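Computed from a predicted structure; not experimentally measured. Numbers here simply count residues along the sequence, with the first being 1.
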Amino acid sequence: MSVLQPQDAGATICEVALCTLTSGVHLDISACGTPCRYRLIDCANLVHNGTIVIREYTQFPTVPYTAVSYVWKGNTLNPGVTVEAFSVNGAEQADPIGVDVLRDASVVSLTRGAAYLWLDRLCIMQTDKADKQWQIREMHKMYQSCHLCVVAPGGLQQLVRLDEETEWIHRGWTLQEAVAPRCVVVLFSWKLGRCQAHAAGSHGVIDEVTPSSSAVTTLSLILDASTIGSLSFEGGGKTLLVEVKLFSPHAPDRQYRDFPFWRSTRRIMSPNVGALARILSSELDGDMKEYSIWQSALMRTSQRPVDMVFSIMGLFGVQLDPSKFKANDRVAATIALARAILAKGGRANWFAAAFRIPPSRQISTFPVFPRTSVAGKAYMRIGDSLQEVSSLMENEYPIAEALIPMPHGAMDGDGYLHFTARALPLKPATIHDGDSSPGPSVPRLDVAVPTSPMKSVDGSYWAPHENYKQIGDDEQYLAVLVGFFVAYYPGHTPAQGETNIHAALVERHMQGKYHVRSYILLSSRTNSWVQSWSQCTLQVGGPTVAIAEDNGDALPIVSVATEQFLNNPRSQLPDVTLQDQEVRRARWAVPQTRLENTYGVMGRK
């Protein structure tokens, strides 16, 4: 039915009782909606009357609304558990929409002052291609303009606990959904009441939504808790420590022989969590955040490769036309996005964002792009196996004031980055028999060149030319200075070390054109030396534009474990890092269900 309303109320295009949908009927607004229009769900009707009322707007709605961020394929239901849920025509590959999750999101919206809800599954005509393409162009504006964004990390079928792992942080579109809004909260399963909570210097309040069932708190607090693997809160008259896994990687990649032996160890301070935390940080500048956006995007995946570009373009203030690209045109769309960013005066903040991943053979200032999928995480082909991309990334960001800003320049249609940078002519080198692998090079400051060959990330060795301050037109290899990078940890000052300075190892493949071969990491002590390198103008891209990268779809997935010992009475390692301390602390965090069984009732006395 369609009943005209004042503009702020929109026109009602759909009104259906939830009880009819949960009996097996699929929702479909294609017959009653008009393509290329804005739509919102009436929260009060849903909460109080059990009715989905969808209103349609010809202009961008001026009423306050809440947007929902989630994954289409979320956590599966536990055996024997059933929920009231319904599906949408055109989105049958996604999980059903749980009635309780939809109602809780509407309750949060109402209590925070927004009478309407925007949920793409219900507000986009899923069977209409023109509407979907138009909505993709409007997606960033929908999240940027919302009064509140509610994250349902486990998907729409059910709410998950803090100690359950989800794929929300691995999905492409959720990056924009977390960064664009002014205020973002996480909706999760919780039976411990309202309480104060803190993690890694962040403080917040866990607010109940449905008593003894669900709660919300800020995304920044949950990110910091996911970074260190635990969250402290007040419950039952005590300070308790709960495990937090919502945005942590699924499997541990380290084994620790430390107390308590009965607790498994998970990887904490993960690059994918750290990248999003940096983007949302109020303490980092624009270039630091843009670098982190590129890092975060590389660790995510989506059903269509091209969506990995569309999902972040709005964060750079760019709007590409989705109809001009095919589903697999990720490289072409990436070049278009990079060109638009640079044309606006932006920097090449993607450079060296994933220096441990082999460079792309099509646009080598970027790494090889991970394979994409409708669900799961981003994986990269390394040799004869697949590895999770986040395990190949560093949790770091650039500091321009410490050395140089990231490059300015322009990109041509073939993906060659044209820019000016300090560079060092190189020649292949070998290490003498009996020498140990030198790792990152640390030249003495009282000599002109390193005292030992520099080892690049790909394992090759390099030495400067004797007359390295003169760069000829026919140089075969160059080290191109990219910037100064520091590790990220929430609430702490970055430290300097042996790998702060990053340089791209580039190789000439035709006259005047280079491609990235690998990267060289240098100590912060070489700061003065690298600033003595000569300036030169470069074209870096290729080396092969028309090629299809092999994503290794049929290869097995592996996780490489690294054993590490913590400094306790039964360990021999003398130095304990900040990360070691947090890993030890996370091992003592308690599963949420155990805390709920013990303190759930006490917390209400």
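- A perpendicular orientation is assigned to the rings of F188 and W190, their planes being inclined by more than 60° (bins at 30° and 60°).
- Judged by distance alone, the side chains of E388 and S390 do bring a donor and an acceptor atom under 3.5 Å apart.
- Here the rule is side-chain contact (heavy atoms from CB on, under 4.5 Å) with V16, and of V53, I54, I52 only I52 fits it.
- With a 4.5 Å cut-off on side-chain heavy atoms, L122 and I97 count as touching.
- Scanning all heavy atoms of the two residues, the minimum distance from A333 to L320 falls at O-CD1, 3.8 Å.
- At least one donor-acceptor pair under 3.5 Å links the side chain of S106 to the backbone N or O of L102.
- Without hydrogens or angle criteria, D285 side chain to M288 main chain gives a donor-acceptor distance under 3.5 Å.
- Using a cutoff of 4.0 Å between basic side-chain nitrogens and carboxylate oxygens, R194 and D207 are scored as salt-bridged.
- Residues H140 and L315 meet the side-chain proximity criterion, which asks for heavy atoms closer than 4.5 Å.
- For the pair D42 and R55, the tightest heavy-atom approach, listed with the atom from each and the gap, is OD2-NH2, 2.7 Å.
- R594 and T598 share no side-chain donor-acceptor pair at under 3.5 Å.
- Shortest non-hydrogen contact noted between A114 and T66 is CB-OG1, 3.6 Å.
- Looking at R347, its side chain does come within 3.5 Å of a backbone N or O of M406 through a donor-acceptor pair.
- Counting all heavy atoms, side chain and backbone alike, L117 lies closest to A105 at CD1-O, 4.1 Å.
- More than 12 heavy atoms of other residues, nucleotides or ligands lie within 6.0 Å of CD in Q133, so this atom counts as buried by the packing criterion.
- Between I279 and L175, the closest side-chain pair of non-hydrogen atoms falls below 4.5 Å.
- With H198 contributing its side chain and G204 its backbone, the two residues share no donor-acceptor pair below 3.5 Å.
- For S30 and T127, the side-chain atoms include at least one donor-acceptor pair closer than 3.5 Å.
- With Q319 contributing its side chain and R137 its backbone, the two residues share a donor-acceptor pair below 3.5 Å.
- Here the side chains of C43 and S109 are in contact, with some heavy-atom distance below 4.5 Å.
- Without hydrogens or angle criteria, E596 side chain to K191 main chain gives a donor-acceptor distance under 3.5 Å.
- Annotation: side chain of F316 is in contact with side chain of I293 (closest heavy-atom distance under 4.5 Å).
- Under the 4.5 Å side-chain criterion, counting only non-hydrogen atoms from C-beta, W118 is in contact with Y143.
- Side chains of N395 and R278: a donor on one and an acceptor on the other come within 3.5 Å.
- Because its NZ or CZ atom is not both nearer than 6.0 Å to the ring centre of Y599 and within 45° of the ring axis, K238 does not count as a cation-pi partner of that residue.
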### Message
Does E234 form a side chain to side chain donor-acceptor pair (under 3.5 Å) with T239? I'd like the steps, not just the answer.
### Response
CA-CA 5 Å; E234 304 298 324; T239 299; 3.0 Å; yes
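- S373 and Q303 are not linked by any side-chain donor-acceptor pair at a separation below 3.5 angstrom, with hydrogens and angles left out of the test.
- Across all their heavy atoms, F233 and L192 have their closest contact at CZ-CD1, 3.6 Å.
- In this structure, the side-chain contact (heavy atoms from CB on, under 4.5 Å) partners of Q135, at least two apart in sequence or on a different chain, are R39, I124, D131.
- Two residues are said to be in side-chain contact when any heavy atoms from C-beta on lie closer than 4.5 Å; E165 and L246 fail this criterion.
- Judged purely by atom type and a 3.5 angstrom limit, Q592 uses its side chain to pair as donor or acceptor with the backbone of S189.
- The aromatic rings of W168 and F247 sit tilted relative to each other, their planes meeting at an angle between 30° and 60°.
- Residue I169 comes nearest to V273 through the heavy atom pair CD1-CA, 3.7 Å, listed as atom of the first residue, atom of the second, then distance.
- Side-chain contact, R300 with T174: a donor N or O sits under 3.5 Å from an acceptor N or O.
- Using a 4.5 Å heavy-atom cutoff, the side chains of Q295 and Y397 are not in contact.
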